[in-house]
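Below: one structure, written as structure tokens.
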Amino acid sequence: MPVTIYNTLSRKKEELKPIEPGHIKLYVCGITSYDYCHIGHARSALAFDMIVRYLRYLEYKVTYIRNFTDIDDKIITRANEQQTTTEELANRFIDEFYIDMDKLGVNRPTMEPKATEHIQEMIDLISELIEKNMAYPAGGDVYYSVNSFANYGKLSGRKLEDMQAGARISINENKKDPMDFVLWKASKPGEPKWESPWGAGRPGWHIECSAMSRKYLGSTFDIHGGGQDLIFPHHENELAQSEGANDTSFVNMWIHHGFVTIRDEKMSKSLGNFLTIRDILDHYHPEVLRFFIFSTQYRNPLDFSETAMQNAMAGLNRLYECLAAIEALEDHCSDTATPTMNSSDKEKIESLESNFQSAMNNDFNTAKAQGMLFETAKIINKTIRQLPTQPSQDEFTLLKKSGDTIKKLASIMGILQVQPSEFLASAKATMLAKTDIDETEILEYIEQRIQARNDKDWAKSDEIRDRLLKKGIELKDGADGTSWSVKRG
RNA sequence: GGCGGCGUAGCCAAGCGGCUAAGGCACUGGUCUGCAAAACCAUGAUUCAGCGGUUCAAAUCCGCUCGCCGCCUCCA
């Protein structure tokens with residue numbers, strides 16, 4: 001079963017065929033580090049984390065490069081505002097980025113090059129472009145000449161004429177063509193600068209990815225990824241630079257993920273609908289965010305809302321409850337017991353892994369893959385319910401094994417990786433933090449209620465239960481006493 | 001204006017020309033319970049924004065219309 005991926009360049013799903021058999025080389029545009037990361041950054045990191053995990057699960061070797069943009073206009077502006085250096089600011093937010101990524105359980109890429117550590121590679125690349133007459137110095141800057149690259153626009157599907165008609169391009173006296181973009185920027189007084197053949201300055205944004213991907217992955221590699229907003233101009237320009245300089249195809253497949261929206265609008269600071277990763281992690285278990293993000297295919301827009309997160313939590317809970325039920329099975333088997341599972345259910349359970357794979361092979365369809373997990377959980381729950389006290393050894397083994405398979409497959413999405421009890425407890429703690437009651441108070445009420453129940457004083461018992469419910473606490477009377485949880489929603 | 005995407009049950013979401021249109025959440029009924037809650041079980045689309053067309057066959061392909069979104073400036 002081949003992996004097929006939607007390639008932005010061809011606008012079709014294509015079979016993944018690594019250049020070097022068994023080895024996939026992937027480059028993803030990382031963050032510009034000048035602020036805390038938001039939920040959109042989380043989706044990007046998580047989407048490629050999932051892709052890499054899946055490819056490795058398929059036993060591909062994956063070399064995964066994700067860069068840090070640690071010098072650019074926004075960083076300079078922000079550093080000035082905070083009266084610090086660009087280096088200090090960028091490094092500080094790289095540290096914050098790692099804090100968020102670690103909480104989300106995102107695996108580190110193979111390498112994470114920083115732009116400022118690859119200035120020489122960029123200067124070399126720019127020099128090559130100048131030699132080939134594809135770039136020109138002007139007034140201390142260096143520009144890429146879009147007219148020198150016949151295929152300019154092939155990734156984003158734009159024509160130069162159309163783009164000029166749009167005419168939202170800043171006027172710049174130095175440019176030969178308004179669409180030409182900067183490769184090297186002369187530094188203004190007080191700005192960070194590096195020496196170059198064209199004077200002191202700093203690199204343009206697009207050139208860093210061309211230089212770093214070439215250094216670590218070569219002139220042609222398998223997959224380049226990023227958010228959909230990077231298609232133009234960033235990736236279009238990278239492609240023009242790299243193919244212009246290297247005279248060879250830059251990337252075989254371009255993967256672009258969709259946006260996270262809030263009330264169906266793209267997040268932005270000006271709209272005030274901006275949510276950082278840590279805002280969300282204060283209220284939800286990291287696996288809830290992961291589950292939510294993978295509840296739709298990576299290319300679709302994903303609308304964030306409290307309701308959606310509650311749904312995600314409920315769904316994840318259901319899967320954990322199923323795992324807990326499997327764990328709770330006691331090993332009392334009988335050789336003579338008749339199996340309770342019908343053959344079609346048994347077949348479905350046994351084909352979980354291959355069904356999961358075909359979902360994932362179809363452009364990493366995590367939404368469908370999640371559906372497979374639920375389908376299996378449903379059958380397992382049903383089976384466990386019908387199980388005699390002495391189940392057959394086969395059936396018992398199948399259930400245990402299915403639980404392990406669920407966990408293994410879920411690990412590709414980074415969910416179901418903690419003990420069910422641990423997840424439930426930690427979800428409870430974050431939920432409790434949102435209420436105005438604490439655990440000791442709840443336990444006191446429960447004690448009082450147990451007394452009332454022992455006295456068969458149902459009125460008082462119900463009154464206590466209602467009082468807690470008003471505070472958002474639900475009680476459950478089980479076989480082993482009363483337990484509590486925070487009411488959802 | 002140019003380019004791209006989307007519109008499937010109350011909500012989220014699979015589906016990529018042919019098996020009963022996955023799955024989740026919510027709702028409702030049942031099991032359980034002192035009553036509840038949780039959990040579990042069961043149940044929902046003769047129909048896929050609308051209209052035409054291609055085909056033996058369309059949610060799936062083509063055209064048009066309507067609605068929504070993104071990019072064309074930094075952006076995940």
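All values below come from the heavy atoms of this structure, side chains included, with hydrogens, waters and symmetry mates left out. A, B, ... follow the sequence lines: proteins, then strands. Residue 1 opens every chain.
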Among all residues two or more places apart in sequence or in another chain, which pass the side-chain contact (heavy atoms from CB on, under 4.5 Å) test with [X]?
X	answer
Asp462(A)	Arg465(A)
Val142(A)	Ile126(A), Ile130(A), Ala135(A), Pro137(A), Leu183(A), Trp184(A), Trp198(A)
Arg385(A)	none
Asn355(A)	Ser351(A), Met372(A)

* Would you please confirm or rule out a distance under 4.0 Å between OP1 or OP2 of G24(B) and any side-chain N or O of Arg318(A)? => yes
* Asked: Has Arg385(A) got a side-chain N or O lying under 4.0 Å from the OP1 or OP2 atom of U31(B)?
  -> no
* Taking only heavy atoms on the protein side, list every residue of residues 30-50 of chain A lying under 4.0 Å from any atom of RNA chain B, sorted numerically. => His38(A), Gly40(A), His41(A)
* Structure fact -> Here the distance between atom P of A76(B) and atom CZ of Phe232(A), to the nearest Å, is 17 Å
* **Protein proximity profile, nucleotides 11-17 of chain B - base contact B, sugar-phosphate-only contact S, no contact -, cut-off 4.0 Å on heavy atoms** => --SSSB-
* side-chain hydrogen bond (donor to acceptor under 3.5 Å, both in side chains) pairs, two or more places apart, involving residues 256-266 of chain A -> Thr8(A)-His256(A), His235(A)-His256(A), Thr261(A)-Asp303(A)
* Provide the full list of ring-ring contact (aromatic ring centres under 6.0 Å, His included) pairs with a residue in residues 301-323 of chain A, sequence neighbours left out, each pair given once. => Phe292(A)-Phe304(A), Tyr320(A)-Phe423(A)
* To do: Just say parallel, tilted or perpendicular for the rings of Tyr144(A) and Phe181(A), cut-offs at 30° and 60°.
  => parallel
* Test ring-ring contact (aromatic ring centres under 6.0 Å, His included) applied to Tyr152(A) - qualifying residues, sequence neighbours left out -> none
* Of all the choices, U73(B), G4(B), C35(B), which nucleotide is nearest to the side chain of Asp477(A) once you look at every atom? -> C35(B)
